[in-house]
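If you're wondering where the values come from, they're calculated on a predicted model, not measured in any experiment.
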Amino acid sequence: MVQIRLTNTRTRRKEDFQPIDPTNLRLYLCGPTVYDRAHLGNARPVLVFDVLVRLLHHVYGREAVTYVRNFTDVDDKINAEAQRRKAAGSALSLEALVAERSDETIAWYHADMDALGAMRPHIRGEVTPVAEPRATAYIAQMIQMNLDLIARGHAYEAEGHVLFDVRSFPDYGKLSGRSVDDMIAGARVEVAPFKRDPMDFVLWKPSDDELPGWDSPWGRGRPGWHIECSAMSAALLGPSFDIHGGGIDLQFPHHENEIAQSCCAHPAEGFARYWLHNEMLQVEGKKMSKSLGNFFTVRDLLDRGVPGEVIRFVMLSTHYRKPMDWTEAKAAEAEAVLRRWRGLVAGIEPATSPAPALVEALADDLNTAGAFAVLHDLAARGDAAGLLASARMLGLLLPEMSEWYEDAKSTEWIAGSLSVEPLVRLLVQKLAEARKAKDFATADAIRADLTGIGITLSYDPDGGITYKREQQADLSQVSAIAAKHGISAT
RNA sequence: GGUGGGUUGGCGGAGAGGUUACGCACCGGAUUGCAAAUCCGUGAAGACCGGUUCGAUUCCGGUACCCACCUCCA
C-alpha cells in the first residue's frame, strides 16, 4: 500500500499518514459561509481536498472515505440580506428568509464547485446532503457542547453570552504557535468588559427580536462561529477523526478555537490528527480584495468563458502550501496544455490504473506540480491511456468537463455571434476556393483579416478549414471584411 | 509589535547534500504553398553574506525584500 505523507500544521512536519481506522477514514473541511457567490480563493481548499480525497479513494477505497464539509448559515451578512428582504415587503418570516438566502447560495456553490470538477462530500463514498451539514441543523448539539464545557469548567456565562475560558486550556495557541500573552499584546480589538480574559471567545451570544435566534439555557440567542464546526464534526465524524483542513487564514483563531472546544469537551479524545492548511490565493501578484478591484468569483470566470477545467489546472499547478497567483497568462497556458492532452486522449479508453509515479507524487504531501511533470512525460511518450487514467486522478480530462473542448472543436458559436456566423462561413468558403485555385494572395489576405479580429483558422489535410472564435474576438468588423472581399450581407 | 510562510533559469514551478525536474516562451530542425497545429532538439537558475562539508541551490546562522495571519475572509 502506498504510504501517504502530509504536512501536519500541528507538528509543522511532514508525517506518515496513519489512519485511525483504514476502513473508515474521516475528513472535515471548513466550508463556506453562504451569504454570496464563492470567490476564487474559496475554490482552493476545495480543490486541494478534492485531490486528497481522490488519492484516499485510490489507496483505501471509496467506501472507506467519509468527507464532510459544512455550510455556515448563521451569519450577520445572511441576516442582513434577510432583513433587507423583510423590509422590502416579503411575507416570509425572518427565519424563512434566512433559509431562502442560504438555499440559493448553496445552490450556486454546488454549481460552481461542480464546474471545477470537485466531488461532493460523501459518507463512506456515498454522496448525501448529510455530508454537508448546515449549522442551523445542529443547534441542539452546539448547546449541549456548551453545557458540557461549562460543566467541565472551560466555559462560563456572562450577560447572556457563553464564553470559552482560554486560560483553562494550557494548549491554547499551540496550533498557530502563539501564546495567550502574545495574542493579548497584539490584540487591536476592544475587549468586552464581561470577559475574564481578553482572548476568551464567544460560544453563544444573545439575539434580539430583529435577528434569528434559538432558545437556550442562556436565553434566546445564536451560536458562535467556532462551536459550529466542533459540534458538526463531532456529530458526523466522532470526537476523533483523521484530517481537518482549511485555508491558512483559518488557523487562527478558528481552528485554534475548535481544538480548544473539542479537546475540552472530549478530553479523552484527540480531535483531528492531521491539520492541512493551504496558502492564500493572489491575483496578478496582489491580494484579492474589493478595494483593489481585482475581486472576482468563480462564476465570474466561468461566465467569461474560462473553463472550469482550466481553473482547476491552474490551481493545482502550484503546491497547496505556497501562495498562488492567479493570472490570465497561466489560464491561457493551462488551456493550451489541456487542449493538446484532450486531443491526444480522444476516443481512448483509460488505462486500468494511474501511473505509479503520479500516485507517488501525490502521496508525497500532494505534490500536484510534480504530478503534472508525470502527465507531461506520459503525453510525450504517447501513452494516451496512461495519461487519461492519471489525469483523472487529478480530476482532469473527466468526460463531464469536456464541453468547452468539444465546443471549440466543432466550431460552434455562442448565441451572440450567430448573426455573423453565415458571413464568416462564406469568407472561409471563398478562402478555400482561392487555395484550391492556388490564389494564395487572396487566401492569405482573407486569413489575415480574420485573424486580425480574433477568428483563427487552420487548414486541414483534406483541404477543409477549421475556424474558431477566440475569446477577444471583435465581431463588429465581420461585415466590413466580407464586403472587402466581395461578399455582401443579405 | 507578535506568529507563520516565501525568495529557483525570460515567465510559471518541483524534488533532491553530488547525477536532465517539468511546462510555457525563445532559438535550431522536421513537416507545411505560407501559416496554425504537431514532432525532434539546444541553451538558460536557485536574493545576499557567512558557517558545516571532499562537495550546498538543497543543512545551519545572519541580512535584505515580499506575503499572510493576529479583525466570524479559504
Discussion item. I'd like to compare against my own output: the B/S/- annotation of nucleotides 21-31 of chain B with a strict under-4.0 Å heavy-atom distance to protein.
Written reply: BSBS-------
Fill in: Partner of A:Asn257 under side chain to side chain contact (heavy atoms under 4.5 Å, CB included), chosen from A:Trp225, A:Phe169, A:Phe164, A:Phe201
A:Phe201
Worksheet item: On a whole-Å scale, what distance lies between the C1' atoms belonging to B:rC24 and B:rG18?
Response: 30 Å
Item to complete: Could you state the atom-to-atom distance from NZ of A:Lys174 to C1' of B:rG4 in whole Å?
Response: 17 Å
Worksheet item: So, A:Asp171 side chain and A:Lys174 main chain: donor-acceptor pair closer than 3.5 Å or not?
Response: no
Response to the item:
Stem ranges of RNA chain B by first residue number, counting only runs of at least 3 Watson-Crick or G-U pairs under 3.5 Å, come to B:1-7 with B:64-70, B:10-12 with B:22-24, B:27-30 with B:38-41, B:47-51 with B:59-63
Fill in: Contact under 4.0 Å: A:Ser458 side-chain N or O vs B:rA37 OP1/OP2
no
Worksheet item: Is A:Lys195 salt-bridged to A:Asp200, going by a charged N under 4.0 Å from an acidic O?
Response: no
Item to complete: Report yes if a side-chain nitrogen or oxygen of A:Lys322 is closer than 4.0 Å to either non-bridging phosphate oxygen (OP1 or OP2) of B:rA68; otherwise report no.
Response: no
Discussion item. Students often get this wrong, so: under 4.0 angstrom with heavy atoms, is A:Asn367 touching a base, only sugar-phosphate, or nothing?
Written reply: sugar-phosphate
Worksheet entry | Pairwise 5' ranking along RNA chain B for A:Ala441 and A:Lys330, keeping only the more 5' one | A:Lys330
Worksheet item: Given the P atoms of B:rC67 and B:rG13, what is the spacing between them in whole Å?
Response: 16 Å
Worksheet item: Closest approach of A:Leu358 and A:Ser390, non-hydrogen atoms and distance?
Response: CD2-O, 3.6 Å
Worksheet item: Looking for any heavy atom pair under 4.0 Å, which part of the strands does A:Leu375 touch: base, sugar-phosphate only, or nothing?
Response: nothing
Practice prompt. Give the minimum heavy-atom separation between A:Lys322 and A:Arg44, together with the two atoms involved.
Written response: O-NH2, 2.7 Å
Worksheet item: What does A:Gly246 touch in the nucleic acid at a heavy-atom separation under 4.0 angstrom: a base, only the sugar-phosphate, or nothing?
Response: sugar-phosphate
Practice prompt. Could you check whether A:Phe201 gets within reach of a base, just the sugar-phosphate, or nothing at all, counting any heavy atom under 4.0 Å?
Written response: nothing
Worksheet item: Among side-chain atoms of A:Asp365 and A:Tyr320, is any donor-acceptor pair under 3.5 angstrom?
Response: yes
Worksheet item: Atom CZ of A:Arg44 and atom C1' of B:rC73: how far apart are they, to the nearest Å?
Response: 15 Å
Worksheet item: Counting any heavy atom closer than 4.0 Å, what does A:His39 reach on the DNA or RNA strands: base, sugar-phosphate only, or nothing?
Response: base
Worksheet item: When the ring planes of A:His122 and A:Tyr67 are compared, do they come out parallel, tilted or perpendicular, using 30° and 60° as the limits?
Response: perpendicular
Practice prompt. Find the distance A:Met324:CE to B:rA74:C1' and express it as a whole number of Å.
Written response: 13 Å
Worksheet item: What distance, rounded to whole Å, do you find between the two P atoms, one in B:rG4 and one in B:rU20?
Response: 37 Å
Worksheet item: Is it true that A:Arg120 and A:Asp114 have a side-chain N and a carboxylate O under 4.0 angstrom from each other?
Response: yes
Discussion item. In whole Å, I'd like the distance from the CG atom of A:Asp449 to the P atom of B:rC34.
Written reply: 21 Å
Worksheet entry | Between B:rG46 and B:rU57 - C1' atom distance, rounded Å | 5 Å
Fill in: For A:Arg5, all residues meeting salt bridge (charged side-chain N to carboxylate O under 4.0 Å, His left out), sequence neighbours excluded
A:Asp16
Fill in: C1'-based separation of B:rA21 from B:rG2 [nearest Å]
38 Å
Item to complete: Take the protein atom CD1 of A:Ile248 and the nucleotide atom P of B:rC70, then report the distance between them rounded to whole Å.
Response: 11 Å
Discussion item. Output the rounded distance in Å from CG (A:Asp325) to P (B:rC66).
Written reply: 16 Å
Worksheet entry | A:Thr318 side chain, from C-beta outward: closest of B:rG13, B:rA74, B:rA35 | B:rG13
Worksheet item: A:Ile465 has an atom CD1; how far is it from atom P of B:rG33, in whole Å?
Response: 14 Å
Worksheet item: Mind checking the P distance from B:rG15 to B:rG9? Whole angstroms is fine.
Response: 16 Å
Worksheet item: Could A:Arg69 and A:Phe49 be counted as a cation-pi pair, given that NZ or CZ must be under 6.0 Å from the ring centre and within 45° of the axis?
Response: no
Worksheet item: Distance between the C1' atoms of B:rU42 and B:rA47, in whole angstroms?
Response: 28 Å
Item to complete: Scan A:Leu40, A:Asp50, A:Leu116 and name whichever one has a side chain to side chain contact (heavy atoms under 4.5 Å, CB included) with A:Met315.
Response: A:Leu40
Worksheet item: Do A:Pro45 and A:Leu29 have side chains that get closer than 4.5 Å, going by heavy atoms?
Response: yes
Discussion item. Quick check: any donor-acceptor pair below 3.5 Å linking the side-chain of A:Arg435 to the base of B:rG33?
Written reply: yes
Item to complete: Between B:rG17 and B:rU52, how far apart are the C1' atoms? Round to whole Å, please.
Response: 11 Å
Discussion item. Both A:His226 and A:Asp364 contact RNA chain B. Which one's nearest nucleotide lies toward the 5' end?
Written reply: A:Asp364
Fill in: Whole-Å distance separating the CD atom of A:Glu328 from the P atom of B:rG12
16 Å
Practice prompt. For B:rG46, decide between syn and anti, treating a glycosidic angle within 90° of 0 as syn.
Written response: syn
